[in-house]
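Chain identifiers are assigned alphabetically (A, B, ...) following the order of the sequence lines, protein sequences preceding nucleic acid strands; residue numbering begins at 1 within each chain.
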Protein chains: 2
Amino acid sequence: MSDTVSDIIRDKFNVLTRAERKLANVLLDNYPVSGMTSITRLAELAEVSPPSVVRMAQKLGFTGFPDLQNALRDELEATISNPIAKHDRWSQQAPDTHILNRFADAVIDNLRQSLDQLPPEDFDRVSALLADRKRAVYIVGGRITHALADYLFTHLQVLRENITLLPANSNIWPHHVLNMKPGDLLVIFDIRRYERDLINLADMAKEQDVEIILFTDQWGSPVGKAASHRFNIKIEAPSAWDSSVVTLFMLEALTAAVETRIWGVTKSRMKQLEALFDRRKLFR
Amino acid sequence: MSDTVSDIIRDKFNVLTRAERKLANVLLDNYPVSGMTSITRLAELAEVSPPSVVRMAQKLGFTGFPDLQNALRDELEATISNPIAKHDRWSQQAPDTHILNRFADAVIDNLRQSLDQLPPEDFDRVSALLADRKRAVYIVGGRITHALADYLFTHLQVLRENITLLPANSNIWPHHVLNMKPGDLLVIFDIRRYERDLINLADMAKEQDVEIILFTDQWGSPVGKAASHRFNIKIEAPSAWDSSVVTLFMLEALTAAVETRIWGVTKSRMKQLEALFDRRKLFR
DNA sequence: AGGCCTCTGAAACAATATTTTCAAAATTTG
DNA sequence: CAAATTTTGAAAATATTGTTTCAGAGGCCT
């Protein structure tokens, strides 16, 4: 890799003129942000004239000031950008452009941004709600997200009692709404292609004072209006579809958090479950 | 301290329009360096017009783009001069020990290690098999992995024809084995708690010269003996359960790869699907 | 399906930024 | 100390960026 701008400046410091050295000092001080202004302000800051800036840039080997500034920005980007997120090949054996690496980049980026947006207090509040065994929990997903709803259901069901997975068929939903009591929880998955039926369901549930927990994308499903808790998850992927990886991540983290809160209950349920599985084995 | 630009963006994300959201994503991605260009290049990067950039800047409360850019530069300066690695936590707002951060660490580690172990050629070979439309594809999961099987099924089904999801109930599996022809594919999910029924299914299928693609954990399910292709995925999590996040990642990457291989077919199927959905909407 | 409204980008315009020119100031050299 | 040389900044010229206007596109609602 070629030299950084600061290297070049130090290299050529002794062939710089007085005005140029003033500039060099300003640039190196608070490097490289100080170079991210306009040529005019930089000149003012160094108490020299704008032409001096141009001359120096050219003397350092750039075609002009913007060229130098770009170099600075690129350096900055390389320094700043999250070392975990970028320019780190995931599959060493595959080229950067292989779908595995591109997908990994996208997913990490989704994860980082989704977590950035999520106040941990919200997360904690939702895990507390789900850990409150007095509240029944209903879970529902759409066409694509049904599998996620199913996954959450399977796990929560082990943790505690009173978990219901609503069927894919929306015709039956009103029957379930009938059972919902104030304070119960309804977990809704609604991503992209927001589904009209889900809005109706949310409205009906809300009228019964059910608290709604919504998992949606960065744009936000219209169900958000009725929801008391919302997870906005970035779902971009190098593909014709969206990625559910981060959503699944949230579900697992949430499950783990709930598990911690009610470990006593969960532990005994898991033991019981083990016993039941064992009996089935013998039975066969 | 007052809000950062990224805070403001997230705050107002839901009142932003489509073009503005595109911009917001570009800005938040590689923040804040991505905002240090000219309005023109930023607009190009986000694939919107320069006026949209101005409008967004004003919507966020700045007098114009330069004002926003100054704010970004000031933040950058503050960040840079305070080099306490801000970026090694996933959720900045939560402590290191918060489950969100611990889970993120675990998942990234799983992803790294799983990709390390996976020769990309194997991945490519499997994607080629799944893209071969002459081969029927059968998918089956266990108690926990059923949701993953379901997810793969839903996606592959859009990509191409002849995809079958075996039911959870193993009693019916022999009926499906009856239909399998030599060269067909059987995708099996078998993680931890390896399920005896799945081994029997794999053996039966193998006798019919069905090629088996196995998704399993780092230890490897006994189904591996019958499988011609195997994905060993690291599934550790700070919880009583295993994490399926990386498995889902592999499924999505695989789906994307298959999609690329048979884009012609997939595209027309997706169009047709759109049309069907539209008709259903009218129908209601 | 049609009317309303919001959103968007092309183009014109305005404001800055960058570069060039050139003469004066500073520095060097004999 | 003066002539030659270099360096410098004011001002003009040029290039680019940022803003506004406005007509048409696109979404949403009834």
query = Would a distance-only check, ignoring hydrogens and angles, find a side-chain to backbone donor-acceptor pair under 3.5 Å from B:Ser38 to B:Arg41?
reply = yes
Counting only pairs under 3.5 Å, give me each side-chain donor-acceptor contact of residues 179-186 of chain A, with atom names and distances, residues two or more places apart or in other chains.
| unit_1 | atom_1 | unit_2 | atom_2 | d |
| --- | --- | --- | --- | --- |
| A:Asp184 | OD1 | A:Ala136 | N | 3.1 |
| A:Asp184 | OD2 | A:Lys181 | N | 2.8 |

query = Is any side-chain nitrogen or oxygen of A:Thr17 closer than 4.0 Å to OP1 or OP2 of D:dT8?
reply = yes
ask   = Does the side chain of B:Phe249 reach to within under 4.5 Å of the side chain of A:Leu248, using non-hydrogen atoms?
value = no
N/O donor-acceptor pair under 3.5 Å between A:Ser34 side chain and A:Leu27 backbone = yes
ask   = Does atom CD of B:Glu161 have more than 12 heavy-atom neighbours from other groups under 6.0 Å away?
value = yes
request  = Let me know, please, whether A:Val15 or B:Thr40 comes out on the 5' side of the other along DNA chain D by nearest nucleotide.
outcome  = A:Val15
ask   = Taking atom NZ of B:Lys22 as the centre, does the number of heavy atoms from other residues, nucleotides or ligands within less than 6.0 Å exceed 12?
value = yes
query = Which whole-number value in Å describes the distance from A:Asn70 CG to D:dT17 C1'?
reply = 14 Å
key: Donor on one side chain, acceptor on other, B:Glu75 and B:Tyr31, under 3.5 Å   = yes
task = Enumerate the residues from residues 19-28 of chain B whose closest heavy atom to DNA chain C is under 4.0 Å, giving them by residue number; use none for an empty result.
result = B:Ala19
task = Could you check which residues of residues 47-58 of chain B get a heavy atom under 4.0 Å from DNA chain C? Sort them by number, please.
result = B:Val48, B:Ser49, B:Pro51, B:Ser52, B:Arg55
task = State, to the nearest 10°, the angle formed by the axis through the first five base pairs of the helix from C:dA1-D:dT30 to C:dG30-D:dC1 and the axis through its last five.
result = 40°
ask   = Rounded to whole angstrom units, what separation is found between the CD atom of A:Gln69 and the C1' atom of D:dT17?
value = 12 Å
Heavy-atom check, side chain of A:Phe103 versus side chain of B:Glu252, under 4.5 Å = yes
ask   = Taking CG from B:Leu68 and C1' from D:dG18, how many angstroms apart are they, rounded to a whole number?
value = 13 Å
ask   = Any luck finding a side-chain donor-acceptor pair between A:Thr4 and A:Asp7 under 3.5 Å?
value = yes
Rounded interatomic separation in angstrom, taking CG from A:Asp67 and C1' from D:dA15 = 16 Å
note = A:Leu45 CG to C:dA17 C1', in whole Å, measures 17 Å
Show me the donor-acceptor pairs within less than 3.5 Å that the side chains of residues 208-217 of chain A make with the rest of the protein, sequence neighbours left out.
| unit_1 | atom_1 | unit_2 | atom_2 | d |
| --- | --- | --- | --- | --- |
| A:Gln208 | NE2 | A:Val177 | O | 3.4 |
| A:Glu211 | OE1 | A:Ser228 | OG | 3.2 |
| A:Thr216 | OG1 | A:Asp190 | O | 2.8 |
| A:Thr216 | OG1 | A:Ser221 | N | 3.0 |
| A:Asp217 | OD1 | A:Tyr194 | OH | 2.9 |
| A:Asp217 | OD1 | A:Trp219 | N | 2.8 |
| A:Asp217 | OD1 | A:Gly220 | N | 2.8 |
| A:Asp217 | OD2 | A:Arg192 | N | 2.7 |
| A:Asp217 | OD2 | A:Tyr194 | OH | 3.0 |

query = So does B:Lys267 have more than 12 non-hydrogen atoms from other groups sitting under 6.0 Å from NZ?
reply = no
key: Between P of D:dT17 and CD1 of A:Ile39, the distance in whole Å   = 14 Å
message = Whole angstroms only, please: what is the CZ-P distance between A:Arg41 and C:dA17?
response = 5 Å
Nearest-angstrom distance from the residue atom CD of A:Glu44 to P of C:dT18 = 12 Å
query = For atom CZ of B:Arg160, is the number of surrounding heavy atoms from other residues, nucleotides or ligands below 6.0 Å larger than 12?
reply = yes
remark   = Quick tally for nucleotides 23-30 of chain D: nucleotides whose base has a protein heavy atom under 4.0 Å get B, sugar-phosphate-only ones S, the rest -, giving --------
ask   = Is any side-chain heavy atom of A:Ile235 closer than 4.5 Å to a side-chain heavy atom of A:Val246?
value = no
Side chain to side chain, B:Leu100 and A:Leu118, heavy atoms closer than 4.5 Å = yes
